[in-house]
A.B. asks: 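Submitted below is the structure of interest, expressed as C-alpha cells.
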Amino acid sequence: MGSVLGTALERLQALRGMADLLPPQTMVWQQVEARARQHFQRAGVGEIRTPLLEATALFARGIGEATDVVGKEMYSFQDRGLRSCTMRPEGTASVVRAAIQHGLLSQGPQRLWYMGPMFRYERPQAGRQRQFHQIGLELLGVADERSDVDAIAMAWDLLADLGVRGLQLQINTLGTPEDRRCYREQLVGWLEQRAHELDPDSRHRLTTNPLRILDSKSKATQQLLLGVPQLLGTLGKGSRERFDRVCQLLRALDIPFVLQPRLVRGLDYYTHTAFEITCDQLGAQATVCGGGRYDGLAAMLGGPPTAGMGWAMGVERLVLLLGQQGNPSPPQVVVLNRGDTAQVGAIVLTRQLRQANLHVELDLSGAAFARQFKRADRTGGRLAVIIGEQEAQAGVVKLKWLHQTPQQQGSGLAMGEEWTVPVTEVAGTVGRLLNG
RNA sequence: GCGGGCGUCGCCAAGUGGUUAAGGCAGCGGCUUGUGGCGCCGCUAUUCGGGGGUUCGAAUCCCCUCGCUCGCCCCA
C-alpha cells in the first residue's frame, strides 16, 4: 500500500460497496426494468435521464446540509476546473433541477420517471451498497391530493405486479411548513423537560433535527415517547382534511396502509404526505420504496414555486425480494464444427442464422465432436448443425435434434437421425424444423 | 465512524498442531484419430487472503493488516 498505484501483488477488485452484476442475475434486473417501463408508459409518465455527476451545491441545497446523506455520505471531489462535483446520492434533486433548467415547470404538470445508479459512502450491508440503483417517479406541478395517491398506487401496483409479497404501506403527513414549525416548538419543549432521559444520539438531535428523534431506535427513548404530543394533533384544519382525503382515496383504491406517526422527514420543503413501503423479509433495510410530497423544493432550487410528489425504489432490495435466479433461454441452434474449412463455414452460417433471427450458439472449442455434442446438450439447445471437413468440402451440413424431448414429430426428422442439407438451404430448413 | 461473524482451487467444501492439503461441480485431455445426455481414466492449490510471531513442526495457536459479511447510524 502507500502508492496510489498499489503493489503488483495486490489483487485488483471492485471497490467496496460496488457490486458486479453477473449474467443470471442481470436477467432479473432486466425483468424489473421492463416491468417498470411498462407501468410508467401506460400511466403517461415520461423517462428523464440526468447526469450522474452534479454540482455539489445542488445536493447541499436540495437535500439539506443537516442530513447524513449530505453531511457524511457523498462522493464529492474537485474536477480539473476546481468545481466541486458530487456523484448523485439520489434522483429527485437532479430531476427538479433539470425541470427548472429546461423550463418544464412553465409548461404544465410534468410526469417523469428515472432509473439508474446512485452513490452514497456508507458501510455496505444487506440491501445496501455504495453504488445502488433506484427507480423513481416525480410528479411536478400538481398539488391535488389525488396525485399523492396516483403516485403511491403506481408504486404499489408495480411491486404487486412484480410478485413481491408481504408489503406494508406506512403513511404519515408532515403538514405545511407552518404546521411543522409549530409542532417542532411544542416537541422540543416537551423533550427538553425530559432531556436527561434521552439517549445521547437523540439529545444531540434536539438541536439539529428534533423530528428525527421520533424515529429513534433506542428502546428507552421509544418508551419515553409514548406520551409525546403528536404532529397530527397540531395540524391546521386544511392539512388535516387533506390527509383525510388521501386516506379516503387509498381506501377507495383498496390499498391497505397503516398510519405511522413516527415517519418523518426533517427538511422544510417536505410537506404533507410521506410514505414508505416496507417488507419484513429484507433484514435491517426494510424499506423498498420511500417518498412523499415536496412542495417547497423547486423554489428552494431557484425555480418557480411548484408542487411535487415522488418516490424512489431500491432496485437491489427489490431484486432481493424477488429472490429469483433468472433462467437464460436455451439456444435454438448449436453449430458444431471441426476442421479448418468447416470452421470458416460454421461462422458464416452462424451469422446467417442469427440474421434470420434465430438464437444460435457456435462452438468455438475445436474439440472432438463427442465433446461438442456433450456441451451442446448441456446448453439445452434444440437443433444441432454439424459441419466437419467432409461436409465443408461437399457444401452441405448435417442437422440433428439435440436431447430427447420429441417435439420433432412430423418434422420428418426422427430423434437420432441425421439430415444432410445443402448450405444454401440451411436457414429455411432450420426455420421450418423449429417452427414445427 | 463503531460493533459481531467469516476468509482453504473459478464455485461449493473437508481438514482445528505432525509425513505428499479430502471430495463434489465446472474446465481440459483420453477411452471413441468425426457424433451426444451416462460411465470410466488422467490433469488442474509446493499451498490454506497478506505479513509477522510461537513451535522440532501450523491451514490449524497468537498479533497485526486487508477483504467479505451482518448489525448500529442513516436511508431506497
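Every chain is numbered from 1, with letters handed out A, B, ... down the list of sequences. Here the structure is a predicted model, which means the values were calculated and not measured.
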A.B. asks: Nearest of A76(B), C70(B), G36(B) to any side-chain atom of A126(A)?
C.D. replies: C70(B)
A.B. asks: Are F132(A) and A76(B) stacked, counting the six-membered base ring, centres under 5.5 Å, planes under 30°?
C.D. replies: yes
A.B. asks: Taking only the P atom of each, what is the distance from U16(B) to A26(B) in whole angstrom?
C.D. replies: 28 Å
A.B. asks: When rounded to the nearest Å, what value does the distance between C1' atoms of G27(B) and A45(B) take?
C.D. replies: 15 Å
A.B. asks: For the C1' atoms, the ones on A14(B) and on C48(B), what distance do you get once it is rounded to whole angstrom?
C.D. replies: 13 Å
A.B. asks: Both Q129(A) and K398(A) contact RNA chain B. Taking the nearest nucleotide for each, which residue is further toward the 5' end?
C.D. replies: K398(A)
A.B. asks: U32(B) pairs with which nucleotide, Watson-Crick or G-U wobble, both distances below 3.5 Å?
C.D. replies: none
A.B. asks: Going by an N to O cut-off under 4.0 Å, is there a salt bridge joining E389(A) and R338(A)?
C.D. replies: no
A.B. asks: Over all strands shown, is G388(A) touching base, sugar-phosphate only, or nothing at heavy-atom distances under 4.0 angstrom?
C.D. replies: base
A.B. asks: If the C1' atom of C2(B) is compared with that of C61(B), how far apart are they to the nearest Å?
C.D. replies: 28 Å
A.B. asks: It should be established whether K374(A) places a side-chain nitrogen or oxygen under 4.0 Å from OP1 or OP2 of nucleotide G37(B).
C.D. replies: yes
A.B. asks: Between the base of G36(B) and the side chain of D377(A), is there a donor and acceptor pair under 3.5 angstrom?
C.D. replies: yes
A.B. asks: Could you work out the separation of C64(B) and C72(B) based on their C1' atoms and round it to a whole Å?
C.D. replies: 26 Å
A.B. asks: Under 4.0 Å: is that the gap between some side-chain N or O of R123(A) and OP1 or OP2 of C68(B)?
C.D. replies: no
A.B. asks: Any idea which of G34(B), U35(B), G29(B) is nearest the E389(A) side chain?
C.D. replies: G34(B)
A.B. asks: Treating T176(A) as the side-chain partner and D179(A) as the backbone partner, does any N or O pair qualify as donor plus acceptor under 3.5 Å?
C.D. replies: yes
A.B. asks: Both distances under 3.5 Å, Watson-Crick or G-U wobble: report the partner of U47(B), or none.
C.D. replies: none
A.B. asks: Establish, with yes or no, whether the OP1 or OP2 oxygen of G71(B) is under 4.0 angstrom from a side-chain nitrogen or oxygen of Q125(A).
C.D. replies: yes
A.B. asks: Do E391(A) and G34(B) share a donor-acceptor pair, side chain to base, under 3.5 Å?
C.D. replies: yes
A.B. asks: Does a nitrogen or oxygen in the side chain of R128(A) sit under 4.0 Å from OP1 or OP2 of A76(B)?
C.D. replies: no
A.B. asks: Answer yes or no: does atom CD of Q101(A) have more than 12 heavy-atom neighbours from other residues, nucleotides or ligands under 6.0 Å?
C.D. replies: yes
A.B. asks: Heavy atoms only, 4.0 Å cut-off, all strands: where does R317(A) land among base, sugar-phosphate and nothing?
C.D. replies: base
A.B. asks: Does the Lys NZ or Arg CZ of R111(A) fall within the cation-pi geometry relative to W113(A) - under 6.0 Å from the ring centre and within 45° of the axis?
C.D. replies: no
A.B. asks: So is R130(A) actually on top of Y121(A)'s ring, under 6.0 Å and inside 45° of the axis?
C.D. replies: yes
A.B. asks: I want to check one thing: is the phosphate of G27(B), taken as OP1 and OP2, less than 4.0 Å away from some side-chain N or O of R378(A)?
C.D. replies: yes
A.B. asks: Does the ring of F369(A) carry K374(A) above it, NZ/CZ under 6.0 angstrom from centre and within 45° of its axis?
C.D. replies: no
A.B. asks: What I want to check is whether an N or O donor and acceptor connect the side chain of K400(A) with the base of G36(B) at under 3.5 Å.
C.D. replies: yes
A.B. asks: Considering only atom P, compute the distance from G57(B) to G1(B) and round it to an integer number of Å.
C.D. replies: 39 Å
A.B. asks: What I want to check is whether an N or O donor and acceptor connect the side chain of Q372(A) with the base of U35(B) at under 3.5 Å.
C.D. replies: no
A.B. asks: For R120(A) and C75(B), is the shortest distance between a side-chain N/O and OP1 or OP2 below 4.0 Å?
C.D. replies: no
